[in-house]
Amino acid sequence: MPKIQLAKRILSNITRIDGGKWKNPYMFFTEEDQEKAVTALGVYNQWNLHLHDHPRRTVADIRAQIQKTRREYPHDDYLVVIDYLQLITITGKHDRYDLAIKSVTSELKQIARQYEVPVILLSQLSRGVEQRMDKRPKMSDLRDSGSIEQDADLIMLLYRDEYYNKENEENKFIEVDIAKQRNGAVGIVKLMFEKEFGSFVDVYGEKSDERIQKVDILRVRAGKRCKSSVLINL
């Protein structure tokens, strides 16, 4: 996904302006939307967020980018998000594709430990989940899953009933299955997915106004806690 599209999604999340309006703000934005967008752009520009959308990235490229960020911001804590595993360009020769994927996940694990940085790695699911009655994903549904299960400290699997049951439009909830956590409990957490804003909201036992206020507070706290972010979009 191009950098500009990612930026628009982030701004939609901050402003709570429908993502569809960002396709042509001059045509669709109201005066209130324009005021929100100006404020959000000020917030966005203060964030130390690095978006990289160059295609055909190798693990060596990712390591070099993390090294560069570490040199530029030696005293900051930061987070690396990679979208997604199967698009990383594999180097070297491997007898099987699953072994090639294992080499990637192992190297990313080493990078996380070497630079003491959390790495969030997105992955595709295999087609096996589509052939079951229960569409909730399992760890075995992760494409080329053996090495992912082995190397990951935390695995979260997402399920949204509305995706499969189109008539069930009232079900806006998404299940986050914490299937593996090396240093904590596992289980399922339910969140509300606001797809028009690209937001995941904790709504358990809270009223609508309280939800929005809580999400805004969490967003600010998260920004303060993690001073730098590297998002590598492949």
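Quick caveat, the model's predicted, so the values are computed rather than measured.
- Atom CG of D134 has more than 12 heavy atoms from other residues, nucleotides or ligands within 6.0 Å.
- Once rounded to the nearest 0.5 Å, the distance linking CD1 of I82 with OH of Y84 reads 13.5 Å.
- Between M139 and E149, the closest heavy-atom pair is O-OE2, 3.5 Å.
- Between D177 and R136, no side-chain nitrogen of the basic residue sits less than 4.0 Å from a carboxylate oxygen of the acidic one, so the salt-bridge criterion is not met.
- In this structure, the side chains of L142 and I155 come closer than 4.5 Å at one or more pairs of heavy atoms.
- Atom OG1 of T91 and atom CG of D61 lie 9.5 Å apart (nearest 0.5 Å).
- Residues I120 and L122 are in side-chain contact: their nearest non-hydrogen atoms beyond the backbone lie under 4.5 Å apart.
- If you run side-chain contact (heavy atoms from CB on, under 4.5 Å) between K109 and each of D153, V119, L121, only D153 comes through.
- Here the side chains of D83 and L6 are not in contact, with every heavy-atom distance at 4.5 Å or above.
- You'll find the side chain of S147 stays beyond 4.5 Å of the side chain of D98, heavy atoms only.
- Within 6.0 Å of OH in Y163 there are 12 or fewer heavy atoms belonging to other residues, nucleotides or ligands.
- By the rule that hydrophobic residues join a cluster once side-chain heavy atoms approach within less than 4.5 Å of another member, I90 and L99 end up as members of separate clusters.
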Tell me, with the steps shown, if I66 and Y78 meet side-chain contact (heavy atoms from CB on, under 4.5 Å). CA-CA 10 Å; I66 294 172; Y78 61 99; 3.3 Å; yes

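- Across all their heavy atoms, H94 and S103 have their closest contact at CE1-OG, 3.6 Å.
- Atom CD in Q110 sits 11.0 Å away from atom OH in Y115 (nearest 0.5 Å).
- Salt-bridge annotation for E194 and K172: absent, with no side-chain N of the basic residue lying under 4.0 Å from a carboxylate O of the acidic one.
- Criterion: ILVMFWY side-chain heavy atoms under 4.5 Å apart, direct or through other members. Under it, V59 and Y97 are part of a common hydrophobic cluster.
- V43 and L11 fall within a single hydrophobic cluster, where Ile, Leu, Val, Met, Phe, Trp and Tyr side chains are chained together by heavy-atom contacts under 4.5 Å.
- With Q124 contributing its side chain and Q86 its backbone, the two residues share no donor-acceptor pair below 3.5 Å.
- Residues K21 and T30 approach most closely at NZ-CG2, 4.4 Å, considering heavy atoms.
- Side chains of L108 and V80 form no contact here, defined as non-hydrogen atoms less than 4.5 Å apart.
- Between S12 and E196, the shortest heavy-atom distance links the atoms OG-O, 3.5 Å.
- Counting heavy atoms of neighbouring residues, nucleotides and ligands inside a 6.0 Å radius, atom CZ of R182 exceeds 12 of them.
- Closest heavy-atom contact between G198 and N13: O-ND2, 3.0 Å.
- Under a cut-off of 6.0 angstrom, the local environment of NZ in K138 is sparse, with at most 12 non-hydrogen atoms contributed by other residues, nucleotides or ligands.
- Ring centroids of F28 and W22 are separated by 6.0 Å or more, keeping the two rings apart.
- Across every non-hydrogen atom of Y44 and A7, the tightest pair is OH-CB, 3.7 Å.
- Side-chain contact check for D161 and Y159: at least one donor-acceptor pair (N or O, by modelled atom type) lies under 3.5 Å.
- By the criterion of side-chain heavy atoms lying less than 4.5 angstrom apart, applied directly or through intervening Ile, Leu, Val, Met, Phe, Trp or Tyr residues, L154 is grouped together with L191 in one hydrophobic cluster.
- Put simply, the side chain of K135 never gets that close to the backbone of Y164: no donor and acceptor are under 3.5 Å apart.
- Contact annotation: the side chain of W47 approaches that of I10 to within less than 4.5 Å [non-hydrogen atoms, C-beta and beyond].
- In this structure, R63 CZ and I111 CD1 are separated by 4.0 Å, a value rounded to the nearest 0.5 Å.
- Annotation: E130, atom CD; neighbour count of heavy atoms from other residues, nucleotides and ligands within 6.0 Å is above 12.
- Atom CG of residue L125 and atom CG of residue L157 lie 7.0 Å apart, to the nearest 0.5 angstrom.
- Ring pair H52/H50 is parallel by interplanar angle, where below 30° counts as parallel and above 60° as perpendicular.
- Both L49 and L41 belong to a single network of hydrophobic side chains, linked directly or stepwise wherever heavy atoms of I, L, V, M, F, W or Y lie under 4.5 Å apart.
- Atom CD1 of I174 is separated from atom CZ of R160 by 6.5 Å, given to the nearest 0.5 angstrom.
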